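Working notes, structure below.
Remember, predicted model here, so these are calculated numbers, not experimental data.
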Amino acid sequence: MSKKSGALIDMQFITSSISTMLVLLLLGTVVFFVLAANNLSVYVRENIAFSVLISDDMKDPDILQFRNRLNAKPYVKQTDYISKKQALQEQSEAMGTDPAEFLGYNPFTASIEVKLNAEYANSDSIAWIKDEILSEKGVIEINYPQDLLDAVNRNIRKISVVLLGLAALLTLISFALINNTIRLTIYSKRFLINTMKLVGASWAFIRRPFLVRNVWVGILAGVIADGILVAAAYALVRYEPDLLAVITPGVMLVVMGAVFLFGVVITTFCAWISINRYLRMKTNELYYN
């Protein structure tokens, strides 16, 4: 093989790898947003708290036992106890004045702030959870931002549908782009493939180097795309550390695995289809396809 043809093959390999990497990068970005959006929805729903107002007749040991019972429930993620004194202090700071000074007494009641696990943060679950908590002795009232929760769940469903639709569309587009890139590369070798057929080489023998080459294209493109995605995620987390609640190591592992696997599988599959197409062609058909 001449230096010129070797350089051409290397350039084709590099070009194919870069083209495939760009497509995988786009696909990986969409997968990242789908998974991050799911984590964000969980984070938002688990941080919408409702207040369980406690009767003044309920003693501290009883309140502690009640809170422990709440923490043992499968639907409770976290509870925080707010005493009458603490409630008065927080409201005084918010209002800029002390209500107890002109009322002569503390008008606030003790409460327990309850945060639910994400799977229970919906209207149906909250209905029976409220009934169950209200049946407890000493519970006066439950305040829950139902409108906020309904709006969050409604928007999450809309965003999820849009992102999943976009992911499906980009998967098809990615397949088409990568397939065209590989098909053009193999098209330039169609006469070489035909020559090898004429000298008696088996289809498997002819197919093998093309498949191996494109497996390496997929591996290289996947590794580079993963590196860029990880670097971008790291930069985001460095800029805003709170994003760690959304951009978790699990999300990045799934994204990296999906990009790498898709890159290897799709390049191999597209190469298989294109090679077989030219293996079936007769010599005279090569000039028109």
Legend entry - With sequence neighbours excluded, residues passing side-chain hydrogen bond (donor to acceptor under 3.5 Å, both in side chains) with Tyr75: Glu132

Legend entry - Glu240: partners by salt bridge (Lys or Arg N to Asp or Glu O under 4.0 Å), with sequence neighbours left out: none

Does the [X] side chain pair with the main chain of [Y], one donor and one acceptor, at a distance under 3.5 Å?
X      : Y      : value
Ser125 : Ala121 : no
Arg67  : Thr79  : yes
Asn47  : Tyr43  : yes

Could you tell me which residues satisfy side-chain contact (heavy atoms from CB on, under 4.5 Å) with [X], sequence neighbours excluded, listed by chain and number?
X      : result
Ala258 : none
Val23  : Ser174, Leu177, Ile178
Asp60  : Ile63, Tyr81

Legend entry - Joint cluster assignment, Ile173 & Phe175, ILVMFWY side-chain distance < 4.5 Å: yes

Legend entry - Other cluster members, Ile140 - Ile/Leu/Val/Met/Phe/Trp/Tyr, side-chain contacts below 4.5 Å: Leu53

Legend entry - Straight-line distance of Leu24 CG to Leu220 CG, nearest 0.5 Å: 10.5 Å

Inset, instruction - With rounding to the nearest 0.5 Å, note down the distance linking CD1 in Ile129 to CG in Asp124. - result: 10.5 Å

Inset, instruction - Please check if atom OH in Tyr120 has more than 12 non-hydrogen atoms from other residues, nucleotides or ligands closer than 6.0 Å. - result: yes

Inset, instruction - Can you spot which of Leu25, Thr29, Leu229, Ile228 makes a side-chain contact (heavy atoms from CB on, under 4.5 Å) with Val259? - result: Leu229

Inset, instruction - Using distance alone, with no hydrogens and no angle criterion, decide if Ser51 and Asn143 have a side-chain donor and acceptor under 3.5 Å apart. - result: no

Inset, instruction - Answer yes when Arg45 and Glu119 have at least one side-chain N-carboxylate O distance shorter than 4.0 Å, and no when they do not. - result: no

